[in-house]
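Here the structure comes first, spelled out in structure tokens, and everything after it is commentary.
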Number of protein chains: 2
Amino acid sequence: MAEALELSTTEQKILEAAKKVFIQKGLDGARLDEIANEAGINKALLHYYFKSKEKLFEKIFDEMIGKLLPDFSAIIESQNPIEEKIEFFVHKYIDFVSENPQLPLFMVTEINRNPQRMKDLLGHTQNFIILQRFAFQMITEMQVGRIKSFNPLHLMLNIMSLCIFPIISKPVIQAILQLNEADLNIILQQRKEEVSRFIREALRP
Amino acid sequence: MAEALELSTTEQKILEAAKKVFIQKGLDGARLDEIANEAGINKALLHYYFKSKEKLFEKIFDEMIGKLLPDFSAIIESQNPIEEKIEFFVHKYIDFVSENPQLPLFMVTEINRNPQRMKDLLGHTQNFIILQRFAFQMITEMQVGRIKSFNPLHLMLNIMSLCIFPIISKPVIQAILQLNEADLNIILQQRKEEVSRFIREALRP
DNA sequence: GTCTATAATTTGATAGAC
DNA sequence: GTCTATCAAATTATAGAC
């Protein structure tokens, strides 16, 4: 309980270092030496706290997976019209991925490389139910004609795509457009408004 | 010249095997043993044809980068209205990434891990110019009021995002929605129409 | 708990026969 | 060109002192 507040135990330092290195280099690319240095300790201690590289990775992976899945619950409970809910979500989610730009690509890559790892975690949780409730809200608003009708699943995929993909492909965009990182970040911040408006226009009846 | 037609030279077999393994496991995760087995030869031959793992990887990487960048030239030359051009592009590009579902994630991951690799290839090529011409066409159509005004850069990012991201995150979607691969593929094929319509609705004046 | 030293294993690369 | 055998380097994992 109190553990969560003690931020500089050796275990915490290792976890932070491992998070940094794994997210940046992936499971295969990460080196235990680098993690140990980053944590200011030595390799042997990694094995003392976590049995193996694989075990340490799983710890990080499990911790991260919860953070990436958007928290729809807040917007679902509110009584605002669906366009406002979506706009709120877009702002919140783009802010989140902008602050953790490497996280989506890390998760998608590692899940792709080992899908089983995720199935164990997500199977039969409440995520599916929350998504269904959000979809149901959309359908209701479509039926009363407040927004244009779309397949709710695809609409949700569209929203997530618009928020996440440009962050994932930052280095590609940067190379093609030949921009420095600061300028590119400004453009990606503009997306909060641009994406909101794009979706709003698509949904207008 | 005739080389391109000889499909089962050892060199070709190696390249195909390397392509398969690198795209699936990345530079760090790929093993020369696996590539050699896949090609039906042995490790030593890999070094005979390509000096090192790195060199072999670069060969694959350079070959793939060209394929992923969309060929805008065809649509740019045509005289159709912009909505039709975009719709044509969406269909073509979703078809392409559906047939090569692992390619976008591979490229984005590797570029992220080593941005320099791409800069050398893309710097000062014609990609930038073609993109500018496409943007210019959009602006023209916006000015005459045929489509709603958007920032052309963001509009292009939106289109690419909608086409690519759901393919990239297939395993994630599959886990959350608990679908088998066949059903998910059907959904992803539907996107050709769904995405086209979504963009069309957003752009309607 | 933390370290140094070292073992064990993996894996990219090379030597040399055919 | 292709193979077997082997090396050398990198990297994960462990033993044992403090």
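Per chain, numbering begins at 1; letters A, B, ... match sequence-line order.
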State plainly whether the residues A:K85 and A:E77 are in salt-bridge range, i.e. N to O under 4.0 Å. no
When the ring planes of B:F96 and B:Y93 are compared, do they come out parallel, tilted or perpendicular, using 30° and 60° as the limits? tilted
B:F50 CZ to C:dT14 P, in whole Å, measures 16 Å
Under 3.5 Å, which N/O atoms of the protein pair with N/O atoms of nucleotides 11-13 of chain D?
unit_1: D:dT11; atom_1: OP1; unit_2: A:R31; atom_2: NE; d: 2.8
unit_1: D:dT12; atom_1: OP1; unit_2: A:A30; atom_2: O; d: 3.4
unit_1: D:dT12; atom_1: OP1; unit_2: A:R31; atom_2: NH1; d: 2.9
unit_1: D:dT12; atom_1: OP1; unit_2: A:K53; atom_2: NZ; d: 3.3
unit_1: D:dT12; atom_1: OP2; unit_2: A:L32; atom_2: N; d: 3.1
unit_1: D:dA13; atom_1: OP2; unit_2: A:H47; atom_2: NE2; d: 3.1
unit_1: D:dA13; atom_1: OP2; unit_2: A:K53; atom_2: N; d: 2.9
unit_1: D:dA13; atom_1: O5'; unit_2: A:H47; atom_2: NE2; d: 3.4

Salt bridge (charged side-chain N to carboxylate O under 4.0 Å, His left out) against B:R204, all qualifying residues, sequence neighbours excluded: B:E201
Can you measure B:N42 atom CG to C:dT11 atom C1' for me and round it to whole angstrom units? 14 Å
Side-chain N or O of A:T10 less than 4.0 angstrom from OP1 or OP2 on C:dT2? yes
Salt-bridge present (B:R117, B:E54; N to O < 4.0 Å): yes
Taken to the nearest whole Å, CD/A:E34 to C1'/D:dA10 is 14 Å
Who passes salt bridge (charged side-chain N to carboxylate O under 4.0 Å, His left out) against B:K170, sequence neighbours left out? B:E181
If the condition is salt bridge (charged side-chain N to carboxylate O under 4.0 Å, His left out), which residues does B:D28 pass it with, not counting sequence neighbours? B:R113
Can you list everything that forms a salt bridge (charged side-chain N to carboxylate O under 4.0 Å, His left out) with A:D62? Sequence neighbours excluded, please. none
Taking the ring centre of each residue, are A:F106 and A:F22 less than 6.0 Å apart? no
Under 4.0 Å between a side-chain N or O of A:Y48 and OP1 or OP2 of D:dT14? no
What I want to find out is whether B:K19 reaches B:E63 closely enough, with some N-O distance under 4.0 Å, to be called a salt bridge. no
For nucleotides 16-18 of chain D, list the nitrogen or oxygen atoms of the protein found under 3.5 Å from its nitrogen or oxygen atoms, one pair per line.
none

Could you tell me whether A:L46 contacts a base, only the sugar-phosphate backbone, or nothing, with contacts defined as non-hydrogen atoms closer than 4.0 Å? nothing
Can you tell me the distance, in whole Å, between the CG atom of B:L45 and the C1' atom of D:dT2? 5 Å
Grab the NZ-C1' distance between B:K25 and C:dT11 for me, whole Å please. 14 Å
